[in-house]
Amino acid sequence: MARAGLRVLGLETEPSRRKAIEVGKMPFHEPASEPSLAETVKSESLTVHEDPREVVPNVDVIILSVGTPLSSELRPDYSQLRGALAQLAPHLKA
């Protein structure tokens with residue numbers, strides 16, 4: 001989205017992942033993505049933030065990307081999704 005010319009505000013609460021993104025490094029294995037990330041960070045098309053108050057009121061669209069690991073009974077664990085929604089909810093607009 002940032003490479004297409006949209007202004008992208010990322011929200012990352014985990015400090016080491018946020019720091020990696022801020023310097024254009026992928027915080028997880030994603031083959032061949034690092035050059036694009038570095039380009040969008042350098043051009044300031046993508047910025048990453050810790051506080052939902054800095055991001056949520058200023059955006060038109062929110063895309064969530066969270067883990068949904070499986071329990072030992074092979075049922076999805078939605079705790080990360082619920083946690084993310086709880087952080088975002090107080091800052092959402094109609």
Side-chain angles (χ1 to χ4, degrees):
M1 289 179 269
R3 289 181 65 204
L6 297 174
R7 175 92 170 99
V8 177
L9 304 176
L11 179 62
E12 177 55 68
T13 57
E14 206 290 311
S16 66
R17 287 193 300 252
R18 189 174 56 256
K19 271 294 196 205
I21 295 166
E22 287 172 344
V23 297
K25 301 287 183 190
M26 292 298 291
F28 50 83
H29 180 68
E30 185 68 32
S33 294
E34 205 159 276
S36 294
L37 176 62
E39 174 188 323
T40 57
V41 169
K42 183 178 180 183
S43 71
E44 297 182 354
S45 298
L46 167 67
T47 56
V48 64
H49 306 266
E50 175 182 13
D51 190 341
R53 293 174 291 190
E54 297 174 358
V55 176
V56 178
N58 302 309
V59 299
D60 296 319
V61 176
I62 297 172
I63 299 171
L64 292 177
S65 177
V66 297
T68 49
L70 296 177
S71 71
S72 58
E73 298 86 33
L74 300 180
R75 293 196 177 129
D77 173 359
Y78 295 113
S79 61
Q80 291 183 44
L81 177 60
R82 288 186 185 105
L85 292 172
Q87 280 189 313
L88 298 176
H91 310 290
L92 295 173
K93 59 187 175 189

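Along the sequence shown, residues carry numbers from 1.
Proximity of T40 to V8: side-chain heavy atoms (C-beta onward) are nowhere separated by under 4.5 Å. Put simply, the side chain of L37 does not reach to within 4.5 Å of the side chain of E30, judged on heavy atoms. Between L11 and E54, the closest side-chain pair of non-hydrogen atoms is not below 4.5 Å. A heavy-atom distance below 4.5 Å is not found between the side chains of V41 and V23.
Note on V66: it does not cluster hydrophobically with V48, by side-chain heavy-atom contacts below 4.5 Å among ILVMFWY residues. Grouping the Ile, Leu, Val, Met, Phe, Trp and Tyr side chains by contacts below 4.5 angstrom, directly or via other members, places V55 with L64. Residues V56 and I63 do not share a hydrophobic cluster, clusters being chains of Ile/Leu/Val/Met/Phe/Trp/Tyr side chains in contact below 4.5 Å.
A donor-acceptor contact shorter than 3.5 Å links the side chain of R7 to the backbone of E44. Of the possible donor and acceptor atoms, one in the side chain of K93 sits under 3.5 Å from a partner among the backbone N and O of V59. Under a 3.5 Å cut-off, the side chain of Q80 and the backbone N or O of G67 do form a donor-acceptor pair.
Considering only residues two or more places apart in sequence or on other chains, K19 meets the salt bridge (charged side-chain N to carboxylate O under 4.0 Å, His left out) condition with E22.
Sorted by first then second residue, the salt bridge (charged side-chain N to carboxylate O under 4.0 Å, His left out) pairs that include residues 55-80, not counting sequence neighbours, number zero.
Here the shortest heavy-atom pairing between P52 and P57 reads O-CD, 3.6 Å. Between H49 and R18, the shortest heavy-atom distance links the atoms C-CD, 3.8 Å.
The CD atom of E39 lies 8.0 Å from the OG atom of S45; values are rounded to the nearest 0.5 Å. The CG atom of L46 sits 11.5 Å away from atom CG of L6, with the distance rounded to the nearest 0.5 Å.
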